[in-house]
Amino acid sequence: MTPRIFISAGEPSGDLHASHVARALKDRFPDLTLEAFGGPHLQEAGAVIRYPMAEYTVMGLAEMLPKIPAHFRLLRSVEKRFRAGEFDLAILVDYPGFHLWLAESAHRAGVKVLYYIAPQLWAWRPERARRFAPVVDRLAVILPFEERFFATVGMRAEYVGHPLVDRGPIADRGAARAGLGLPPNGRVLALFPGSRHQEIERLWPAFRDAALTLLAEGACQTVVVAGTADGVYEDPGPIRISRGDPQSVFAAANAALAKSGTTTLEAALADTPMVVAYRVHPFTSWVARRLMTVKWISLVNLIADAPVVDELLQGDVNLARLVEAVRPLLDPDDPKTIAQRAGLKRVRELVGGPGAAARVAAIAAEMLG
């Protein structure tokens, strides 16, 4: 029998990760019927887009509110098809709020559920994992410690590796600098103030001023920002702005000043020493301190379960603290740089090699019998 799978992404990064899974599934099942709630990446991978994600996906709570009725209509439509027996398996990728509802709908209809890229319940809402447990048949996780966490609430979680590793080898420093038009010699500091406008607004002034100070004192000779296509970086002075692939910026740099998030794992994969900094609204910070159940905010420290990199938060994101933390990392012979590189090597070992999407497809094949 030809397998029938519904795959759901819901936002751009999930669409990209889901597309790799779709290709791996097509390799296993050439006649596969694959329908999706997704976007252009899934469509290019051969999925039939029944529900275009562009009609549903927005950023921010205020922007999301008008889209809630559309999500409920989507949920009812997909659940109706689940109940009609149109699919053998549902693969849900990230997008946790909506996908919890969709998992519950699939479970009620007797459709097996494979969830890929688990919600970070270990950081914020560990008790909510108990709601996932009865409605998710298999969970494919991308961080090594998640396997242990979800096992504590009775979920069958399997570590499949991180999709970032599948992007291929990092360019060497010389090639990366040439590609960016940077001088081949001298120390380069990379800045990663985030991709969202609010992140840039809160982090850029402090990142910029620290970088200019390090330039003035000769700790580095070049500073480059991994910028977004529409990001605004006021008064950059001699700081260069790259709006292309951030991988090349990591490869070109001696050290990085980076916001928290997946960026820290990208830096670890490129073996780029870093300082992690993050700043949010004071009320958000107050709530977060009371909800967080982990010791660190950076993926690097969470994966290593050790303070591999310095984390500066809220009021500590200031000129003096940033300069003090970044300066030694620009010197490859500084003991702090050497120690951090050993920690980053350990993180790469724990993350493992490529093949995440193929492993997810293998789990799906098992579930299809």
Side-chain angles (χ1 to χ4, degrees), residues 170-279 298 300 309-312 316-334 336-337 340-341 344:
I170 305 293
D172 66 62
R173 181 172 292 168
R177 291 188 179 186
L180 292 169
L182 303 178
N185 301 314
R187 295 173 182 172
V188 174
L189 171 63
L191 304 180
F192 293 83
S195 57
R196 297 172 183 170
H197 293 305
Q198 286 186 333
E199 288 176 330
I200 297 169
E201 288 175 7
R202 291 198 172 106
L203 295 175
W204 168 246
F207 279 26
R208 175 198 61 205
D209 293 349
L212 292 175
T213 299
L214 290 163
L215 268 174
E217 68 180 38
C220 59
Q221 285 69 50
T222 306
V223 179
V224 58
V225 181
T228 62
D230 58 353
V232 177
Y233 308 92
E234 294 182 351
D235 304 319
I239 297 173
R240 305 180 184 219
I241 300 173
S242 169
R243 299 185 189 269
D245 182 6
Q247 268 194 300
S248 59
V249 179
F250 280 120
N254 295 87
L257 176 53
K259 65 107 180 174
S260 177
T262 307
T263 302
T264 66
L265 183 54
E266 291 181 285
L269 294 175
D271 193 27
T272 305
M274 78 194 93
V275 171
V276 176
Y278 208 62
R279 180 189 284 164
S298 67
V300 168
V309 303
D310 287 343
E311 297 182 352
L312 301 179
D316 286 336
V317 184
N318 61 59
L319 178 62
R321 291 297 307 276
L322 291 174
V323 169
E324 178 186 11
V326 173
R327 184 188 291 116
L329 299 182
L330 288 161
D331 179 358
D333 298 320
D334 190 283
K336 190 171 182 179
T337 306
Q340 187 176 133
R341 279 221 158 96
L344 297 179

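Thr337 contributes no side-chain N or O that, together with a main-chain N or O of Leu330, makes up a donor-acceptor pair within less than 3.5 Å.
Sorted by first then second residue, the side chain to side chain donor-acceptor pair (under 3.5 Å) pairs that include residues 237-262, not counting sequence neighbours, are Arg177-Asn254. Within the structure, the ring pair (Phe, Tyr, Trp, His ring centres under 6.0 Å) test picks out the following pairs touching residues 218-249 (sequence neighbours left out): Trp204-Tyr233. Applying the side chain to side chain donor-acceptor pair (under 3.5 Å) test to pairs two or more places apart or on separate chains, none has a residue in residues 183-195.
Asp271 pairs by the salt bridge (charged side-chain N to carboxylate O under 4.0 Å, His left out) definition with Arg341, Arg348, not counting sequence neighbours. For Asp316, the side-chain contact (heavy atoms from CB on, under 4.5 Å) partners two or more places apart in sequence, or in a different chain, are Leu312, Arg321. Considering only residues two or more places apart in sequence or on other chains, Glu266 meets the side chain to side chain donor-acceptor pair (under 3.5 Å) condition with Arg167. Residues forming a side-chain contact (heavy atoms from CB on, under 4.5 Å) with Ala256 (at least two apart in sequence, or on another chain): Ala190, Phe192, Thr272, Met274.
Contact record, Ala277 with Leu257: CB-CD1, 4.4 Å, taken as the closest heavy-atom pair. Nearest heavy atoms, Ala258 versus Thr263: CB-CG2, 3.8 Å.
Side-chain contact between Val275 and Leu329 is present, with at least one heavy-atom pair separated by less than 4.5 Å. You'll find the side chain of Asp310 reaches within 4.5 Å of the side chain of Lys336, heavy atoms only. For the pair Val225/Pro236, no side-chain contact is recorded, criterion being any heavy-atom separation below 4.5 Å from C-beta on. Side-chain contact between Thr228 and Ile200: present, with at least one pair of heavy atoms (C-beta onward) separated by less than 4.5 Å.
Counting only N and O atoms by type, the side chains of Glu199 and Tyr278 include a donor and acceptor under 3.5 Å apart.
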Practice problem: Applying side chain to side chain contact (heavy atoms under 4.5 Å, CB included), run through Val309 and Thr264 and close with a yes or a no. | Solution: CA-CA 9 Å; Val309 303; Thr264 66; over 6 Å; no

Using distance only, find each side-chain donor-acceptor pair of residues 206-216 under 3.5 Å and give its atom names and separation, not counting sequence neighbours.
from: Arg208; atom 1: NH1; to: Glu234; atom 2: O; distance (Å): 2.9
from: Thr213; atom 1: OG1; to: Asp209; atom 2: O; distance (Å): 2.9

